[in-house]
Every structure is written in structure tokens, then in C-alpha cells.
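Because the structure is a prediction, the values reported are computed rather than measured.
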Amino acid sequence: MSNVISKIMNESIAEELGLNVGDALVSINGKKVVDIIDYLFLMSDEFLEVEIEKKNGEIWMLEIDKEYDEELGIEFENPILDHAKRCSNNCMFCFVDQLPPNMRETLYFKDDDSRLSFLQGNFVTLTNVKDEELDRIIDYNISPINVSIHTTNSELRKKMLSNKFAGNVIERLNKLTENRVEVNGQIVLCPDINDKDELDRTLNDLLNMKRPINSLAIVPVGKTKFREGLYLLNTFNKESALFVIEQIEKWQKKFMDKIGTRFVFLSDEFYVLAGIETPNYESYEGFTLIENGVGLIRKFKYEVDKFIENDNSKDSINLKRCITISTGKSAYKFLNELAKDIMKHYNNIKINVFEVKNSFFGESITVAGLLTGQDIYNRLKNEELGDMILLPKAMMKSDENIFLDDMTVDELSKKLNISIKITNVIGKEFMDNILGNKAEVVQ
């Protein structure tokens, strides 16, 4: 069965009832649990009749009284309790199609599943959602849903997604939002395809929706060196990135005047390419699109500055510590300047920032999250690395410390003969790692 329990939470209803790892959930209130959406919806009742199949084959019928928002306290081997839906598109910019051969199998799977959008924040095109499934999203109020829009031009969207059924996105967005389903949008912007006038058209269509979506993130198309036989795409440069920034600033004013929010936001890569600073902290309106790289630089700088400002011990301690940070081209200048600022406030702390070129995917890929273990090793192997290397969590597999080329952090650590720490891009966590929680304080 796909509904096998993999974890029982301490002091939960499930533990109290004697459920065990390996048991399977069969039904709730007489209804089969088809997937995670069924489970979450059926679990909202305050009285439940839960059918469990024990590992030994016994069937238990359990009656449960609980609070409306109280959970059973179980996790499943398969998070969505069903097979993830494979993408039926052939997008001209798809990153998966640009991967080299012989990588781990899971990297080649292209999902387009609204359940993963709800649970994990994945983006879906809605081309893989039948009308009855769209009704189910509305009936269950599955919200928010993250939608890859790219363009509202029907014919252009069909071309970009290579799918003759992809042209009705604005109608489907209207159906969701008018039924109170929250939607976050994304555009992968491709020069000379869905930018300039086409982008104006898309933003105008989104502005004039009866009930607009929540927000829109725009990210630049990425090209690896593995594009043989694929659509010929251009990438953004300084001049074209600056044009997009100026275009979006005008649209932000229009959205602010009409619906009270800037609505559309650019990922940090545009500002890096243009060679200008990202907008101020308040401009990001709470950083709700941070997972798209929207405002990550500004938020991180703010958090580091606040940490230093509130660290009352920085003037009375003397840290002796040398840290190496390796990053991609996009973040190098920012991190190098940040390192200099940190070193001004802490005596005898040294931070070396190294820019790593992406030989694995191609040097046009400049974000740190797509660097591999072998590229980092080749860049650092002849350098003085100090006490520790600090790497961002974005470089790792979601659930393990493994790079995209399957090199583990432990393997890289042994090859370079130095300890490696993994950090989230959160100011306090980053500074705690830089300072070693002040364990090496010299009075």
C-alpha cells in the first residue's frame, strides 16, 4: 500500500492509540484515502473513524475525538500517498532537459503535480490538471498553488511549453482566484521571446483579472552547455537586464496604484547582471518570494547587519579564526563585500571568498546552488583554506549533504583535508558559523 506510516510523533494521538511504523492508513470516515489531499481534507473533521491495517494484517477501526486543527501525528513513506504526476510539456527552457547524462535518476524526473505545489511549493503549469481536478482543488480549497505562467499570450504559451493545451492559462487562473484559491505566479523570462512587449501584455492581463493572483516572480532563463538539439535561446546581459528592471519598476507603480501591492518582483540575478543594488528592504513586502531568489541578497545583508549591531560582545572579544566561503559568480561580489564588512567588526577574523566557475554545467550558470563538489574541489585544492569551509544549503540535495554530481560533503572534506559546515542563507545561522559560536574566544 502507498499509505504506509513511516513516523509516529511523540505524545501524538497516533502514539496514544498504539499505531506503529509500518502500519497503513486505509480509510477515514469510510472514505478511501487516495492521496495527501484526501487525507488533509478528511482529517479536518473533529470526529474520525479511522481504518488501519496493521503490519500483521489485522484491521483496526479507531474512533477519534480531536480538535479541528489537531493532527494524528503520523508521516508517510510517500509524502503525497500517490505517484507524482509527470510533466507533459516540453518547455523550450526546461532545465532538466539541459542536464548531462549519468546523473542520479531522480534529477531527470519532471513533475507537474498540484499536490506538490501545495505541499512543497513546486510550480505547476496547470496543463496537467483536468477540469475535474481543478474543481477538486477549489472544493478542497487547496491553497496556495504556485503556477508557472510564463506568458498569457495563448499561442506563445503553446509554443514555449510545446503543448497545444497550454493556451488557457488566464481562464484557469481566473477560475481559481474567483473561487478564493490563492495563486502565486512565476515567469521564466527568455530574451526576445516572452520579454519586452510580451511581458507588458502578460502583466496587463494579470493586472486586469477580476481577482488578481497574489504575486508574480520573474527569473531569468538559465542555459547549461548541454543544449544540443534544443531550442536556441539567448540569455540576459547587463544591458537587457537593466531594461527589464526599468520595465518592472514602472509596472510596480501601476500595480501599487490599483491593488495596493508592487505584485511583480525580479529575482536577484537581474540586479547582479545589471551591476546595480537590489531594491531596499521594504520594497520586497515581506519577502514572500524568497524561494525564487527574490530579495535573498537584501534580506541576508539586513540580517547580518542586525546581528552585528546587536552583538554587544564584538568589541570585547578577539576571535582567531579563518573561514573560506566558496560561491558562484552571481553572489561573489556581494559576499566579498559582506566579508570585508564583517572583518571590520571582529578582530583577527579572516574570511576568504572564492568565486567558483561552473565547469560542470557551463560557465553561463552562475548561481551557487548549481555548483558541484568537483568544481569546488578544483577551485580550492591549491588554496590556503584556514580553519573551515562554509557552504550554502542550496548546494545540497534536499535531504542529504550531497552535491549535484553525487560527491558528498564528507568526501569533499577529506579531499581538501578541512572541515566543512553547511549553512542556510539566514543571517544569524551564517554568523554563528562564522564565529563558531565564539568557542574560540581569546580574552
Original post:
Are K130 and D135 ion-paired here, with the side-chain N under 4.0 Å from a carboxylate O?
Top reply: no

Original post:
Looking just at side-chain N and O atoms, do N358 and K225 make a donor-acceptor pair shorter than 3.5 Å?
Top reply: no

Which atom pairs, donor and acceptor, lie under 3.5 Å between side-chain atoms of residues 93-104 and protein residues at least two apart or in another chain?
from: D97; atom 1: OD1; to: K110; atom 2: NZ; distance (Å): 3.2
from: Q98; atom 1: OE1; to: T224; atom 2: N; distance (Å): 2.8
from: Q98; atom 1: OE1; to: R227; atom 2: NH1; distance (Å): 3.3
from: Q98; atom 1: NE2; to: F93; atom 2: O; distance (Å): 3.4
from: Q98; atom 1: NE2; to: C94; atom 2: O; distance (Å): 3.2
from: Q98; atom 1: NE2; to: G222; atom 2: O; distance (Å): 3.1
from: R104; atom 1: NH1; to: F403; atom 2: O; distance (Å): 3.2
from: R104; atom 1: NH1; to: D406; atom 2: OD1; distance (Å): 2.6

**OP:** Ignoring hydrogens and angles, tell me if any N or O in the side chain of N336 forms a donor-acceptor pair with the backbone of V353 under 3.5 Å.
**Re:** no

Original post:
Looking only at side chains, do E285 and T261 share a donor and an acceptor under 3.5 Å apart?
Top reply: yes

Original post:
Is there a donor-acceptor pair under 3.5 Å between the side chain of D35 and the backbone N or O of I37?
Top reply: yes

**OP:** I would like to know whether D205 and T202 meet side chain to side chain donor-acceptor pair (under 3.5 Å); could you show each step before the answer?
**Re:** CA-CA 5 Å; D205 286 344; T202 295; 5.8 Å; no

Subject >> Smallest separation among heavy atoms of A339 and I351, with atom names >> reply: CB-CG2, 3.7 Å

Subject >> V264 backbone acceptor or donor facing Q252 side chain under 3.5 Å >> reply: yes

**OP:** Verify whether the ring centers belonging to F430 and F307 lie closer than 6.0 Å.
**Re:** no

Subject >> Backbone of K175 reached by a side-chain donor or acceptor of E178 within 3.5 Å >> reply: no

Original post:
Within the side chain of R298, is there an N or O that forms a donor-acceptor pair under 3.5 Å with the backbone of P279?
Top reply: yes

**OP:** In plain terms, say whether D200 and K196 are close enough for a salt bridge, that is, a side-chain N and a carboxylate O under 4.0 Å apart.
**Re:** no

Subject >> Interatomic spacing from OG in S154 to CD1 in I170 - rounded to 0.5 Å >> reply: 11.0 Å

Original post:
Salt bridge check: are D410 and K415 linked by an N-O gap of less than 4.0 Å?
Top reply: no

Original post:
Under 3.5 Å, side chain of S162 to main-chain N/O of N90, donor-acceptor pair present?
Top reply: yes

Original post:
What is the distance from atom CG of D387 to atom CD1 of I418, rounded to the nearest 0.5 Å?
Top reply: 7.0 Å

Original post:
Would you say the side-chain atoms of D268 pair up with the backbone N or O of G295, donor to acceptor, closer than 3.5 Å?
Top reply: yes

Original post:
When rounded to the nearest 0.5 angstrom, what distance separates OG in S326 from CD1 in I420?
Top reply: 8.0 Å

Original post:
Is there a donor-acceptor contact under 3.5 Å linking the side chains of N3 and Y39?
Top reply: no

Subject >> Donor on one side chain, acceptor on other, N292 and Q186, under 3.5 Å >> reply: yes

**OP:** Identify whether the distance between the nearest side-chain nitrogen and carboxylate oxygen of D131 and R136 falls below 4.0 Å.
**Re:** no

Original post:
With a cut-off of 6.0 Å (strictly less than), are more than 12 heavy atoms of other residues, nucleotides or ligands near CD of E400?
Top reply: yes

Original post:
Any donor-acceptor pair under 3.5 Å linking the side chain of N168 with the backbone of E171?
Top reply: no

**OP:** Would you list the pairs meeting salt bridge (Lys or Arg N to Asp or Glu O under 4.0 Å) in which at least one residue belongs to residues 144-161, sequence neighbours left out?
**Re:** E155-K158

Subject >> Option passing side-chain contact (heavy atoms from CB on, under 4.5 Å) with I325 (candidates I434, N352, I389, L391) >> reply: I434

**OP:** Count the heavy atoms of every other residue, nucleotide or ligand shown that sit under 6.0 Å from CD of E291, and state whether that count exceeds 12.
**Re:** no

Original post:
So, does T177 use its side chain to make a donor-acceptor pair with the main chain of I213 at under 3.5 Å?
Top reply: no

Original post:
Are K299 and E303 close enough for a salt bridge, meaning some N to O gap below 4.0 Å?
Top reply: yes

Original post:
Just how far is it from atom CG of L189 to atom CG of L266, taken to the nearest 0.5 Å?
Top reply: 8.5 Å

**OP:** Give me the ring orientation class for F236 and F270: parallel if the planes are under 30° apart, tilted from 30 to 60°, perpendicular past 60°.
**Re:** perpendicular

Original post:
So, D375 side chain and S359 main chain: donor-acceptor pair closer than 3.5 Å or not?
Top reply: yes

Original post:
If you measure from the Lys or Arg side-chain nitrogens to the Asp or Glu carboxylate oxygens, is any gap between K329 and E363 under 4.0 Å?
Top reply: no

Original post:
Considering all heavy atoms of both residues, which atom of I365 and which atom of K223 are nearest to each other, and what is their separation?
Top reply: CD1-O, 3.2 Å

